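I have placed the structure first, in the form of structure tokens, so that the comments after it can refer back to it.
Every value quoted in this text rests on a predicted model; they were computed, and no experiment measured them. Each chain gets a letter, A, B and so on, in the order the sequences are listed, and its residues count up from 1.
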Protein chains: 2
Amino acid sequence: MQKLTIVKVGGKVVEERDSLQDLLNRFSQLEGLKVLVHGGGRSATAMAERLGLETKMVDGRRITDQGMLEVVTMVYGGLVNKNIVAQLQASRINAIGLTGADLNYMQAVKRPVKDIDYGFVGDVVSVHVDELKLLVEKGVVPVLAPLTHDKNGQLLNTNADTIAAEAAIGFSKYFEVELVYCFEKPGVLENADDDRSVIQSLNHTGFKALQTSGAIHAGMIPKLDNSFNAISKGVSQVRITNIPGLQKGGTTLLPD
Amino acid sequence: MQKLTIVKVGGKVVEERDSLQDLLNRFSQLEGLKVLVHGGGRSATAMAERLGLETKMVDGRRITDQGMLEVVTMVYGGLVNKNIVAQLQASRINAIGLTGADLNYMQAVKRPVKDIDYGFVGDVVSVHVDELKLLVEKGVVPVLAPLTHDKNGQLLNTNADTIAAEAAIGFSKYFEVELVYCFEKPGVLENADDDRSVIQSLNHTGFKALQTSGAIHAGMIPKLDNSFNAISKGVSQVRITNIPGLQKGGTTLLPD
């Protein structure tokens, strides 16, 4: 099996011109087949504000009403995605920017309302990468925006970490997949205040122990849940790191 | 050679929910391989207004400064494009939404400033449809937004009629291409005020005569220039029609 590296970038990394340029330079230098998944929450919040729309968050998750869905469709699917694609093309990377609706590669259902109505937020139900695989094998680099669709004409906002994990699982049918979560911190930290306390490797049992002890920061938990889910479903390796660690470094997640 | 139909829709057709739905229904029923090209000027103008940006037009062409480029990238590349893709997927059309930066399928240069500075507007310099052809042959339907790039990281606003004509020329290397311009009027009219005065067929000599006599409406001239350019460069047939005429009808443009 050929190796495929899926890099997810989010947070400030992708939304500040300098760090984005640094990231894309390093991403361009990664050898072999690759996929980029991006977020864009800060830009969406800024655009919503310019449009006079209020951003509502519950536990760090965006409430996506009709107005906010328009904003994220524009910002994630258009502004952020197409600028990354254009910049990668300038670095001789043959990129293609996609949402889950494109090629129907990722289908979701609107999250059922329980305690909270998240609005037009999608929970992934199926991934079809057959056509994407053809492009990837020709050296094309998909750039995936955090949007899915329900196959009934409705676009849905979907967490970018989840998109990355689900795409990684989908591609693992055809490739030996390494999933890299790239964010501000150098890895999973034993002490959230000390960037030198990177945990070199972590298995699911270790993660659960750190979660119980409260050592792992709340925002990291869904990322790790996504990661271990991916590993349990065929993804070869998951790493959590920052831009300088893109090639190697950070925290490597392992099966038990 | 297999037949490929490229349909360009613009104006109100694509921006009002009812007419868009009607169009997509009819487009879905077109047999064989196909491509959809869309505009979105009214939505861009409306979004610019919401953001407090002034829309400047010269001879019906948009001046695209940095702020307006962000708007068209969001609206054309995100909002309009991805909603069309999601709706086509609901009609079991395996659509993929693209700008010229995606797969580097259409490269342009920023229009040189002569009398007027159009800003970030692109004049097409090259079309590469090799990867798109692979997808089209598998039944995938590209949905093309009116954006190109300069291969140096800059996205550019490009007239959708031109995108359609250039894509048609590019694909004519591999397919027998029919290009259909679909807009509000039933065809090229001999009398702009009389929708029943559709000219059934028109060659370049006839077009020039009507242009000289002033019978052809100013806004129609670039569309016809694009059309005859496409015919002279290998496109088999061009039709100008409205939604009910999508399958057949309207004005057929012919070589001399």
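For A:Asp150, no part lies under 4.5 angstrom from a heavy atom of chain B. A:Lys138 touches chain B through its side chain: at least one heavy atom from C-beta onward sits under 4.5 Å away, while N, CA, C and O do not. For a residue to count as touching a neighbouring chain, one of its non-hydrogen atoms must lie under 4.5 Å from one of that chain's; by this rule A:Asn104 touches chain B with backbone and side chain alike. Interface remark: A:Leu51 contributes backbone and side-chain atoms alike to the contact with chain B (heavy atom separation under 4.5 Å). Heavy-atom distances place both the backbone and the side chain of B:Leu103 under 4.5 Å from chain A. Only the side chain of A:Leu134 comes within less than 4.5 Å of a heavy atom of chain B; its backbone N, CA, C and O stay farther away. Looking at A:Leu24, neither its backbone nor its side chain comes within 4.5 Å of chain B, counting heavy atoms on both sides.
Counting heavy-atom pairs under 4.5 Å between each of A:Val143, A:Ile84, A:Val85 and chain B puts A:Val85 at the top. Listed options A:Lys82, A:Gln87, A:Gln154, A:Gln107 were ranked by heavy-atom pairs under 4.5 angstrom with chain B; first place goes to A:Lys82. Contact count versus chain A (heavy atoms, under 4.5 Å) is highest, among B:Arg50, B:His149, B:Glu70, for B:Arg50. Between chain A and the options B:Ser91, B:Gly77, B:Gly153, heavy-atom pairs under 4.5 Å are most frequent for B:Gly153. Contact count versus chain A (heavy atoms, under 4.5 Å) is highest, among B:Asn81, B:Leu147, B:Val75, B:Thr73, for B:Thr73. In terms of heavy-atom pairs under 4.5 angstrom with chain B, the leader among A:Leu98, A:Asn83, A:Ile93 is A:Asn83.
Across all their heavy atoms, B:Gln89 and A:Asp102 have their closest contact at NE2-C, 4.3 Å. In plain terms, the two heavy atoms of B:Met47 and A:Met74 that are nearest each other are CE-SD, 3.6 Å. In this structure, A:Ala90 and B:Asn152 approach most closely via the heavy-atom pair CB-C, 3.5 Å.
Within 6.0 Å of CD on B:Gln21 lie more than 12 heavy atoms contributed by other residues, nucleotides or ligands. In this structure, B:Glu137 places its CD atom where more than 12 heavy-atom neighbours from other residues, nucleotides or ligands lie under 6.0 Å away. No more than 12 heavy-atom neighbours from other residues, nucleotides or ligands sit within 6.0 angstrom of CD on B:Glu31.
You'll find the side chain of A:Glu131 reaches within 4.5 Å of the side chain of B:Asn94, heavy atoms only.
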